[in-house]
Amino acid sequence: MSDITNNDYDILVKKQSPTTKSYKTIPLAFITGGLICALGQAFINFYLSMGVNKDTAFTAASITLILLATLATGLNFYDNIAKFGGAGTLVPITGFANAITAPALEFKSEGYILGLGAKLFAIAGPVIVYGIASGILYGLAAYVLKL
Amino acid sequence: MFMQYFWAFVVGGAICAVGQVLIDYTKMTPARILVSFVVLGVVLGALGLYQPLVEFAGGGASVPLIGFGHLIAKGTLEAVKQKGLLGALSGGLASTAAGISASIFFALIVALIFKPKEKA
C-alpha cells in the first residue's frame, strides 16, 4: 500500500470525479426554476382573477404547483426534468413536493407505516423542524422586543 | 402583465441559480439546501427584507422555498401581535398549514396509487 495523505487523496478524487459543467448547469437551473416560478405567477393571476385576496391566491398557487409536482413524481416525470433542471427543480416548492413524494413511493414496499408513512418525512421532516424552530425563535424575539 | 412574468422568471431563476452554485461548488446535499433556504427565508422574513421582493417579483419570490420560510416568519409575527407569546408557537405552522397538509396528503395519495419506478 502506498502511503498517501488525506490531502493527496482529496486531490486524486477531484481529478477522477466527473467535472460538473457549471456553464451548463447554472443556466439550466436558472431557466427551469424561472419557468416554474413564472407558472406559479400564472396561477397567482388566475386565482386573483377569480376574486380571492392576495394571500389566498399565493397559497392556492403554491398548492397547485405542489399537486402538479406530486403527480409528476408519481408518473416518474419529475425526475426527467430534474436531470437537466438541477437546482431549478429542487429550490421551488415543487422540489419540496417531489422530496416528500419520491421516498414515500420508493419505500412503500417496506410497509405503509414505517415505510411509506415514515419516509414521507425524510426531507419534509428536517425542513419543517428547522423552519418551525427558527420561526419560534423569531416569535420569542418579536414578543420580547415588542416588534 | 408581461413584465410581471418577466420578473417572476428572472428572480425565481436567480434564486434557483444560487442553489445550483451551492450544489456545484460546495458539498451541500439537496436536503441541506432545502433546509438552509427555508431557514434563510425565516431570517429574511424576520428582517423584513423578503416582503418587498414578493411585492416586486410575485411568484418569483413566493415559489422558491425561501418564500416558504418567509411565510413562517410572516405568520409568526401576525400571531404574536394577536395572541402574544402563544402566537410565537402557533403562527409559523398556521400560516404554512395549507401547503404542508396539501403536500402530505397529495404525496400519500400518489404513493398509494402509483408504482415505484423499476430500479435500473
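Residue numbers start from 1 in every chain, and the chains themselves are labelled A, B, ... in the order their sequence lines are given, proteins ahead of strands.
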Counting only non-hydrogen atoms closer than 4.5 Å, does [X] touch chain B with its backbone (N, CA, C, O), its side chain (CB onward), both, or neither?
{"X": "A:Ala42", "value": "both"}
{"X": "A:Ala99", "value": "side chain"}
{"X": "A:Ile123", "value": "side chain"}
{"X": "A:Phe107", "value": "neither"}

Would you list the atom pairs, donor with acceptor, under 3.5 Å between side chains in residues 69-78 of chain A and any protein atom, with sequence neighbours excluded?
unit_1, atom_1, unit_2, atom_2, d
A:Thr70, OG1, A:Ile66, O, 2.6
A:Thr73, OG1, A:Ala69, O, 2.7
A:Thr73, OG1, A:Asn98, ND2, 3.0
A:Tyr78, OH, A:Thr89, O, 2.6
A:Tyr78, OH, A:Thr94, OG1, 2.8
A:Tyr78, OH, A:Gly95, N, 3.4

Region of [X] in contact with chain A, defined by heavy-atom distances below 4.5 Å:
{"X": "B:Ile33", "value": "side chain"}
{"X": "B:Val110", "value": "both"}
{"X": "B:Val39", "value": "both"}
{"X": "B:Val38", "value": "side chain"}

From the list A:Ile136, A:Val144, A:Leu39, the residue making the most non-hydrogen contacts under 4.5 Å with chain B is A:Ile136
Heavy atoms under 4.5 Å from chain B: which residues of residues 128-135 of chain A carry them?
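If one takes a 4.5 Å heavy-atom cut-off, the residues of residues 128-135 of chain A near chain B are A:Ile128, A:Tyr130, A:Gly131, A:Ile132, A:Ser134, A:Gly135.
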Tell me which of these, B:Gly92, B:Ala46, B:Ala17, B:Ser95, has more heavy-atom pairs under 4.5 Å with chain A than the rest.
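Answer, by heavy-atom pair count under 4.5 Å with chain A: B:Ala46.
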For residues 33-43 of chain B, the side-chain hydrogen bond (donor to acceptor under 3.5 Å, both in side chains) pairs (sequence neighbours left out) are none
Partners meeting salt bridge (Lys or Arg N to Asp or Glu O under 4.0 Å) with A:Lys54 (sequence neighbours left out)
B:Glu55
Can any side-chain N or O of A:Lys108 pair as donor or acceptor with the backbone N or O of B:Ala111 at less than 3.5 Å?
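Here the side-chain-to-backbone pair exists.
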